[in-house]
Amino acid sequence: MNANDMAGKVQAESAGQPARIGEMLGLNAIALDDVGLARVVVLGLPASAAEALGRVIGRAQVVGPLIPEATLRRARRERKALSREMSGRLYELSRVVDAANRSFGDDRAAVDRFLARPHPLLDGMTPLAMAQSGSAGAQAVINLIRRADAGVAV
């Protein structure tokens, strides 16, 4: 690992959740705190946010399950922000991916396995499917990750 890699790793580790989520959604040019991220989500994320999250977890996990392809194309073509609902869906899934990344030490393969494997505490759903179901589902997955991180058997 060279000096630039180490500096980037230290910066990412010290970055707060809003900055990490903003980066995952391709909002790197915007300095984000909790309020700033909330404002961006409420006003509507750019269509590029769906593509950015798709690069992290796979486009097929975002376009279709969260945002219809036609909606994404229309937003891009008209250069309009995504709706509050669509932006909220992206935000919630980003929270789950961020929590999993932190729990698994940014091990992408471990995160992907966790998200794709059915879990008994999620009624047999995969964490990804539960998170895609809505904000309550996303929170259930985050709570599961927090319990595991705290050492509670999950």
Side-chain angles (χ1 to χ4, degrees), residues 5 8-69 71-72 75 81-154:
D5 291 340
K9 185 171 175 65
V10 169
Q11 182 180 6
E13 287 175 356
S14 64
Q17 182 187 33
R20 291 189 310 269
I21 289 174
E23 183 177 337
M24 202 177 312
L25 294 172
L27 305 174
N28 305 0
I30 306 169
L32 294 172
D33 58 8
D34 288 329
V35 174
L37 181 57
R39 186 174 299 126
V40 170
V41 172
V42 167
L43 293 175
L45 291 168
S48 61
E51 298 294 344
L53 183 57
R55 284 189 293 276
V56 174
I57 62 171
R59 189 176 195 277
Q61 306 307 328
V62 177
V63 180
L66 288 183
I67 299 176
E69 178 75 44
T71 300
L72 188 58
L82 296 170
S83 70
R84 181 183 293 188
E85 176 188 357
M86 297 294 157
S87 297
R89 289 178 182 182
L90 289 172
Y91 168 73
E92 292 296 342
L93 185 54
S94 297
R95 288 180 58 226
V96 168
V97 174
D98 178 62
N101 280 337
R102 291 178 56 81
S103 182
F104 289 98
D106 289 321
D107 180 342
R108 281 300 324 151
V111 169
D112 290 344
R113 281 191 306 274
F114 167 74
L115 291 174
R117 186 173 295 142
H119 199 288
L121 294 178
L122 299 174
D123 287 339
M125 291 179 72
T126 67
L128 182 61
M130 179 64 77
Q132 290 168 329
S133 71
S135 62
Q139 190 60 51
V141 175
I142 290 169
N143 290 342
L144 176 70
I145 293 168
R146 286 181 181 157
R147 287 193 304 266
D149 287 346
V152 176
V154 294

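This chain uses plain numbering: 1 for the first residue, then up along the sequence.
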(message) With rounding to the nearest 0.5 angstrom, report the CZ to CG distance, Arg102 to Asp149.
(response) 9.0 Å

(message) I need the minimum non-hydrogen distance between Ala50 and Leu72, along with the two atoms involved.
(response) CB-CD1, 3.8 Å

(message) Determine whether a donor-acceptor pair (N or O, by modelled atom type, separation under 3.5 Å) exists between the side chain of Ser94 and the backbone of Leu90.
(response) yes

(message) Measuring from atom CD of Gln17 to atom CG of Asp34, what distance do you get when rounded to the nearest 0.5 angstrom?
(response) 7.0 Å

(message) Let me confirm one number: the CG-CG distance from Leu25 to Leu53, rounded to the nearest 0.5 Å.
(response) 6.0 Å

(request) Write out all pairs satisfying salt bridge (charged side-chain N to carboxylate O under 4.0 Å, His left out) with one or both partners inside residues 46-55, taking only residues at least two apart or from two chains. (result) Glu51-Arg59, Glu51-Arg76

(request) Carefully, step by step, assess Arg20 and Asn101 under the rule side-chain contact (heavy atoms from CB on, under 4.5 Å). (result) CA-CA 10 Å; Arg20 291 189 310 269; Asn101 280 337; over 6 Å; no

(request) For residues Ala99 and Ile142, report the shortest heavy-atom separation together with the two atoms involved. (result) CB-CG1, 4.3 Å

(message) Just verifying a value: how many Å separate Ile67 CD1 and Ser87 OG, rounded to the nearest 0.5 Å?
(response) 7.0 Å

(message) Tell me which pairs pass side chain to side chain donor-acceptor pair (under 3.5 Å) where either residue lies in residues 131-145, with sequence neighbours left out.
(response) Arg95-Gln139, Gln139-Asn143

(message) Applying salt bridge (charged side-chain N to carboxylate O under 4.0 Å, His left out), can you list everything that pairs with Asp112, at least two apart in sequence or on another chain?
(response) Arg108

(request) Report the distance from atom CG of Asp123 to atom CE of Met130, rounding to the nearest 0.5 Å. (result) 6.0 Å

(message) What I'd like to find out is whether the side chain of Arg147 reaches to under 4.5 Å of the side chain of Leu121, using heavy atoms alone.
(response) yes

(request) If a pair satisfies ring pair (Phe, Tyr, Trp, His ring centres under 6.0 Å) and one of its residues is in residues 92-112, list it, with sequence neighbours excluded. (result) Phe104-Phe114

(request) Grab the two heavy atoms, one from Val63 and one from Glu69, that are nearest each other, plus how far apart they are. (result) CG1-OE1, 3.1 Å

(message) I need the single residue from Leu93, Val96, Val141 that forms a side-chain contact (heavy atoms from CB on, under 4.5 Å) with Leu128. Which is it?
(response) Leu93

Could you pull out every donor-acceptor pair under 3.5 Å between side chains of residues 35-48 and any protein atom, sequence neighbours left out?
none

(message) List the residues meeting side-chain contact (heavy atoms from CB on, under 4.5 Å) with Ala109, not counting sequence neighbours, and say none if there are none.
(response) Asp107, Arg113

